[in-house]
Amino acid sequence: MGRKIIVNWKQLNNLSVDTTKNAEEFENIRSSIENIMKSIESCWQGADSQEFIKQTTNYLESLKEDTAYLYSTADYFNRSAKRYNYGVDSGLTSVRNLEQNYIKQENN
């Protein structure tokens, strides 16, 4: 017997929207911290300051990959939701067409 996958495409779509919002918030926070790091030179000088800024900047740059990953995951959820929604809509249309054909045949 075949296996059946049950997907709630509405929840999957909501997950896509939420993940996109989270990615935007994550990127905004990352960017804000990056701006703070750029301004830190005005109040902290020296070798320790330079090393801290360098390490922090490198780390913040690496977080851009995480932002991209979140966006790609949101896109995947969105595409999957649309695919399952299409399947539901397509199946419903087929059932309605069969029903209409059956009613037409009974009336003839």
Novice: Just how far is it from atom OG1 of T56 to atom CD1 of I40, taken to the nearest 0.5 Å?
Specialist: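 The CD1 atom of I40 is 7.5 Å from OG1 of T56, to the nearest 0.5 Å.
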
Novice: Under 4.0 Å between a Lys/Arg side-chain N and an Asp/Glu carboxylate O for E25 and K21?
Specialist: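 No.
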
Novice: I need the N14 CG to N78 CG distance, nearest 0.5 Å.
Specialist: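 The CG atom of N14 sits 11.0 Å away from the CG atom of N78.
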
Novice: Using distance only, find each side-chain donor-acceptor pair of residues 43-54 under 3.5 Å and give its atom names and separation, not counting sequence neighbours.
Specialist:
| residue | atom | partner | partner atom | Å |
| --- | --- | --- | --- | --- |
| Q45 | NE2 | E41 | O | 2.3 |
| S49 | OG | W44 | O | 2.8 |
| E51 | OE2 | Q55 | NE2 | 2.8 |

Novice: Which pairs pass ring pair (Phe, Tyr, Trp, His ring centres under 6.0 Å) with one or both residues in residues 56-77, sequence neighbours excluded?
Specialist: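 For residues 56-77: none.
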
Novice: Between the main-chain N or O of N28 and the side-chain N or O of S32, is there a donor-acceptor pair closer than 3.5 Å?
Specialist: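 Checked: pair present.
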
Novice: So do the side chains of N35 and S39 get within less than 4.5 Å of each other, counting heavy atoms only?
Specialist: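 No - every pair of side-chain heavy atoms lies 4.5 Å or more apart.
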
Novice: Once rounded to the nearest 0.5 Å, what's the spacing between atom CD of E24 and atom CD1 of I29?
Specialist: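 It is 12.0 Å, given to the nearest 0.5 Å.
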
Novice: Enumerate the ring pair (Phe, Tyr, Trp, His ring centres under 6.0 Å) contacts for residues 15-41, please, sequence neighbours excluded, ordered by first and then second residue.
Specialist: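 Listed by first then second residue: nothing to list.
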
Novice: Show the nearest heavy-atom pair for residues L12 and A81, with the distance to one decimal.
Specialist: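 Result for this residue pair: CD2-N, 3.5 Å.
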
Novice: Would you kindly confirm whether L70 and V17 end up in one hydrophobic cluster when ILVMFWY residues are joined by side chain heavy atoms under 4.5 Å apart?
Specialist: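 No: no chain of side-chain contacts under 4.5 Å links L70 to V17.
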
Novice: Drop me the distance from L63's CG to T67's OG1, to the nearest 0.5 angstrom.
Specialist: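 The OG1 atom of T67 is 7.0 Å from CG of L63, to the nearest 0.5 Å.
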
Novice: Would you give the length of the straight line joining atom OG1 of T20 to atom CG of L15, rounded to the nearest 0.5 angstrom?
Specialist: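 So the gap between those two atoms works out to 9.0 Å.
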
Novice: Looking at S16 and A74, what are the two nearest heavy atoms and their distance?
Specialist: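 The answer is OG-O, 2.9 Å.
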
